[in-house]
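A note on names: the letters A, B, ... follow the listed sequences, proteins ahead of strands, and every chain is numbered from 1.
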Number of protein chains: 2
Amino acid sequence: MVDPEDKEILRQLAKLGALSDYIYTSSGEIGRRIGVSQQTASRRILDLVDRGFLTRRMTPRKQFIRLAAPGVEVLRKDLVELKALFATAEHMTIRGRVVAGLGEGQYYISRPGYMKAFNEILGFEPFPGTLNVEVEPLDREKVAELKEREGRLIKEFVSEGRTFGAVKCFRADLGGVECAAIFPLRSHHTNVLEMISPVQLRKKLDLADGADVSVRILLD
Amino acid sequence: MVDPEDKEILRQLAKLGALSDYIYTSSGEIGRRIGVSQQTASRRILDLVDRGFLTRRMTPRKQFIRLAAPGVEVLRKDLVELKALFATAEHMTIRGRVVAGLGEGQYYISRPGYMKAFNEILGFEPFPGTLNVEVEPLDREKVAELKEREGRLIKEFVSEGRTFGAVKCFRADLGGVECAAIFPLRSHHTNVLEMISPVQLRKKLDLADGADVSVRILLD
DNA sequence: ATTACTAGCGTACGAGTAA
DNA sequence: TTTACTCGTACGCTAGTAA
């Protein structure tokens with residue numbers, strides 16, 4: 001097993017160039033970089049050499065040291081894992097219950113300007129109506145956080161002689177149905193999610209007012 | 001300071017999904033994942049919460065836990081650092097001394113087939129002659145390693161009624177002059193580097209036989 | 001200068017357990 | 001079930017030092 005302290009040494013050596021060639025350094029230097037004594041650094045290096053993660057050549061002063069193939073692999077594995085983590089750090093679950101909307105949503109989203117934008121940005125033409133989900137109090141901070149994120153933006157536009165405000169969208173999944181949460185930039189609500197979908201969510205999922213739902217938001 | 005053990009906890013939590021949302025887990029579970037006891041995991045989590053790297057909500061059983069912004073930054077910094085390491089893990093220095101060649105190189109590299117290939121692969125038309133560098137014994141294993149690497153390949157081709165063998169090239173830098181090391185795939189020498197360059201290296205750098213040189217090979 | 005051994009100490013671990 | 005406290009122990013640290 002490679003413990004985190006071992007990885008730290010491998011990383012510091014890699015930063016000095018020991019990934020692809022021998023570097024000329026000393027146990028004291030390495031100790032300083034990782035915040036331990038010369039003695040501890042020496043012991044740990046020795047251990048890594050014994051286990052095949054480092055190769056080195058000694059000289060009367062200092063030493064030539066580089067990562068052996070298994071040492072490089074340790075770091076590469078970390079890189080791959082972190083890449084994957086950030087690549088798939090993509091969803092957030094928000095719970096709430098279905099509530100009756102004001103009927104406003106229907107008017108707005110069916111404006112041709114929005115319809116066209118939804119199609120471009122989300123890849124579907126929404127059913128003309130929103131499903132409103134009252135967010136469970138504990139999850140409201142998540143909604144606030146969502147609003148801080150990029151999301152997919154529909155810019156404000158002018159049509160029919162008036163201005164339609166910018167809207168931020170997040171793709172989502174509700175009970176296995178493709179949908180999206182939409183946030184008019186002007187609003188500051190954090191207790192209601194407005195969901196749109198190519199189908200009528202309420203009917204498709206047979207949702208009555210008060211039904212508990214769990215929305216999986218994709219962060220992209 | 002975030003020590004490597006702290007990072008390990010953040011990573012394990014991130015793998016469970018705590019990068020972008022709360023996860024429902026227990027100190028025992030986390031302890032198991034990082035190979036420490038429930039007590040130690042509990043103490044370390046508490047410490048990370050105190051220092052602002054984690055946020056959590058307790059329940060009578062288990063807890064909801066996620067990385068706070070500073071915790072995410074710790075991992076992101078690691079990712080960026082590792083990416084940079086592997087992106088620039090690109091050179092290897094090989095030392096040796098100039099030796100007289102057999103004059104063979106000149107014949108081969110000036111064949112039109114090779115000339116054209118060098119131009120495509122290295123971006124320059126080489127001076128018709130090679131500079132031979134006898135590799136210092138300690139660096140010979142590096143040469144062997146180079147031959148294991150991809151490099152830039154010139155495939156074998158037929159011309160003038162005979163076959164010209166495949167050659168592997170590595171871009172290099174010798175005394176600030178752009179050049180390349182070439183390895184006929186058939187040869188198994190590891191004690192001599194054959195260098196080519198758009199200019200006559202020997203003349204440009206005023207190198208007599210026996211001159212000590214240091215070749216910086218780019219690994220790409 | 002270095003590396004790396006030995007000794008002694010301090011810290012962080014896990015067992016036991018309360019809430 | 002959990003979390004997280006106290007406490008005794010042991011592991012890994014640093015200091016001192018030889019080569």
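Nucleotide D/dT2 holds its P atom 15 Å from the CD1 atom of B/I65, rounded to whole Å. Here the P atom of nucleotide C/dT2 and the CD1 atom of A/I30 are 12 Å apart, to the nearest Å. A straight line from CD1 of B/I45 to P of C/dA12 spans 17 Å, rounded to a whole angstrom. D/dA4 atom P lies 13 Å from atom CG of B/L48, rounded to whole Å. Straight-line distance from the CG atom of B/L46 to the C1' atom of C/dG14: 17 Å, rounded to whole Å. Between the NZ atom of A/K62 and the P atom of C/dA4 there is a distance of 15 Å, rounded to whole Å. Counting to the nearest Å, the C1' atom of C/dA12 and the CD atom of B/E5 are 10 Å from each other. In this entry the distance linking CZ of A/F64 with P of C/dT3 reads 13 Å, nearest Å.
Within the nucleic acid shown, A/T40 comes within 4.0 Å of at least one base atom, counting heavy atoms only.
The side chain of A/Q63 places an N or O atom within less than 4.0 Å of a non-bridging phosphate oxygen (OP1 or OP2) of C/dT3. Close to C/dC13, at under 4.0 Å from its OP1 or OP2, lies a side-chain N or O of B/R43. Residue A/S37 places no side-chain N or O under 4.0 Å from the OP1 or OP2 atom of D/dC13. Here A/R56 does not reach the OP1 or OP2 of C/dT3: none of its side-chain N or O atoms lies under 4.0 Å away.
A/E29 and A/Y24 form no side-chain donor-acceptor contact under 3.5 Å, judged by distance and modelled atom types alone.
Salt-bridge formation is not detected for the pair B/R95/B/D212: no Lys NZ or Arg NE/NH1/NH2 atom is positioned less than 4.0 Å from an Asp or Glu carboxylate oxygen. By the 4.0 Å N-to-carboxylate-O rule, A/R11 lies close enough to B/D78 to be salt-bridged with it. With salt bridges taken as basic N to acidic carboxylate O contacts below 4.0 Å, none links A/E73 and A/K77. Comment: A/E81 engages B/K15 in a salt bridge, judged by a side-chain N to carboxylate O separation of less than 4.0 angstrom.
For B/S26, counting side-chain heavy atoms from C-beta on, the closest listed nucleotide (C/dG16, D/dT3, C/dA4) is D/dT3. For A/S42, whose side chain is taken as the heavy atoms from C-beta onward, the closest listed nucleotide among D/dC13, D/dC5, C/dT3 is C/dT3. Here the nucleotide nearest the side chain of B/V36, chosen from C/dG14, C/dT3, D/dT3, is C/dG14. Looking at the side chain of B/Q39, the nearest of the listed nucleotides C/dA4, C/dG14, D/dC13 is C/dG14. Relative to the side chain of A/S27, the nucleotides C/dC13, D/dC5, C/dT3 differ in distance, and C/dT3 lies closest.
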